[in-house]
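Here the structure comes first, spelled out in structure tokens, and everything after it is commentary.
Quick note on labels: first sequence line is chain A, next is B, and so on, each numbered from 1.
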There are 2 protein chains.
Amino acid sequence: MVYFCVVKEDKNISKAERTRQFIIEKTAPIFNKKGYAGTSLSDITEATGLTKGSIYGNFADKDEVALAAFDYNIARMRAVTSAEMAKHNTAREQLLAYVEVYGNYMKYSFQTGGCPIMNTTVDADDTHPVLKSKVCQVMMAWKDRVAGLIEKGIANKEFKKDTDSEQTALTLFAMIEGAILINQATGRLDYRKKVLQSAEKLIKDL
Amino acid sequence: MVYFCVVKEDKNISKAERTRQFIIEKTAPIFNKKGYAGTSLSDITEATGLTKGSIYGNFADKDEVALAAFDYNIARMRAVTSAEMAKHNTAREQLLAYVEVYGNYMKYSFQTGGCPIMNTTVDADDTHPVLKSKVCQVMMAWKDRVAGLIEKGIANKEFKKDTDSEQTALTLFAMIEGAILINQATGRLDYRKKVLQSAEKLIKDL
DNA sequence: TCAAAAATATACCGATCGGTATTAAAAATT
DNA sequence: AATTTTTAATACCGATCGGTATATTTTTGA
């Protein structure tokens, strides 16, 4: 299990930095659930137990909270997947671990309302250009990370050498996100499992 | 090209029904872009050129407009895919047409901001139970529709008889939605194409 | 320990939110 | 064409929105 800094007691960092972090931790799941427009300042004050004065003493505006919350959610996802992938050695096992962890993200990330990449893409598209560019960067980074892993596997002769690493990475990403979406819409865990099975088959056939 | 009723001139239906339809047509793309919480009544009055009085004369509340707009968006999607699939005879060709049309949905549906199923799932989940149950129904219907087509293909001896029709349908759906998501987040058309290529390969290997 | 600085709470701002009662206009019925 | 009925516009409601100036409390450094 990966733990995240509950920073409230750390005396080496300033009070401001501590509450800033505290606010981010408490609001990140709310932004993920309700979206940017759907999350109000009263949601933020309610979740933190702080007042508006305190929030605006640590952040310039709601935007800054939302952006920090997004970064936090992504960092969490990355930490969890990295930790799980690090337990394996071969590229194939690492890819399978990636699908396992990411696809079952909800299990690992205590009910935060689905994948932040998907949520933010849908939420920020057409409405919030800054957040949109952030989510674009993150998605590209994911793709490159997985594609790099596949290329490592090709170099290691684990995978067929005619594999299109980018296409495979994108397809895996699509399948995982699609699996999460289906699960979110229907509540059917077995549906998600079926799609992830297909993703695993794809990896095994590489 | 499929046309949708521009109902303004039809004298056989009441004025109320005409403006009701007019409001739905004008607001459906807005709800799809901005989401339920993100779409305000001023968005609605601005898009229609009508006043609040008129809106509330034809709908009980914002909810009712949102629900009708969702139904309209889904009906549109369904009409477009059905029309394109009807042009083909074999199950394989119909499946390919389905991926073609749905995956390139944005092209067919003049910039309405992505797939309504995905948008509504993300938007309504955790916030709007009625819309959530609607989107669940729709997704199940899509799945059954595609699975039924695959079963037809199996019966016709077009596809291998050990194919899991439900798993394949779900996987195709996931890949298509994933492709749309990637495209929406990155703006990269070639990424979407690469994922859809994988979906086509899956169909060809059935 | 005590003053300076930083952080939080309070009280308030104009704008906008969804929604409604009432009035004016347009459509349908005779 | 006149009248009734329906539909749309106006003006307004309380609540909440994001945000801020000011006062109070809490940290912090000397």
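- Here B/Y56 reaches the OP1 or OP2 of C/dG19: one of its side-chain N or O atoms lies under 4.0 Å away.
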Under 3.5 Å, sequence neighbours excluded: what are the donor-acceptor pairs made by side chains of residues 139-151 of chain B?
from   : atom 1 : to     : atom 2 : distance (Å)
B/K143 : NZ     : A/Y191 : OH     : 2.9
B/K143 : NZ     : B/E166 : OE2    : 2.9
B/R145 : NH1    : B/T81  : OG1    : 3.4
B/R145 : NH2    : B/S82  : OG     : 2.6
B/E151 : OE2    : B/S165 : OG     : 2.6

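- Heavy atoms only, all atoms of each residue included: B/T186 and A/C136 are closest at CA-SG, 3.7 Å.
- Sorted by first and then second residue, the side chain to side chain donor-acceptor pair (under 3.5 Å) pairs with a member in residues 118-130 of chain B read A/Q184-B/D125, B/N32-B/N119, B/D63-B/H128, B/D125-B/K132; sequence neighbours excluded.
- Atom-to-atom, CG of B/D63 to C1' of C/dG19 comes out at 13 Å; the value is rounded to the nearest Å.
- Rounded to a whole Å, the CD atom of B/E64 is 15 Å from the C1' atom of C/dG18.
- Put simply, CZ on B/F59 is 13 Å from P on D/dT7, counting in whole angstrom units.
- In the model, A/N104 has a side-chain atom that pairs as donor or acceptor with a side-chain atom of A/E100 under 3.5 Å.
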Pick out the pairs of N or O atoms, protein on one side and nucleotides 15-17 of chain C on the other, that lie under 3.5 Å.
from   : atom 1 : to    : atom 2 : distance (Å)
C/dC17 : OP1    : B/S40 : OG     : 3.2
C/dC17 : OP1    : B/S42 : OG     : 3.3
C/dC17 : OP2    : B/S42 : OG     : 2.7

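- One atom, CZ of B/F22, and another, P of D/dT7, lie 16 Å apart when rounded to the nearest Å.
- Between C/dT8 and A/R18, no contact under 4.0 Å exists linking OP1 or OP2 to a side-chain N or O.
- Distance from the side chain of A/T51 is smallest for C/dA9 among the nucleotides C/dG19, C/dA9, D/dA8.
- At the heavy-atom level, B/G53 lies under 4.0 Å from base atoms of the strands shown.
- Here the side chains of A/Y72 and A/F31 are not in contact, with every heavy-atom distance at 4.5 Å or above.
- Put simply, CG on A/L50 is 11 Å from P on C/dT10, counting in whole angstrom units.
- The phosphate of D/dT7 (OP1 or OP2) has no side-chain N or O of B/N58 nearer than 4.0 angstrom.
- Under the 6.0 Å distance and 45° angle rule, A/K62 counts as a cation-pi partner of A/Y36.
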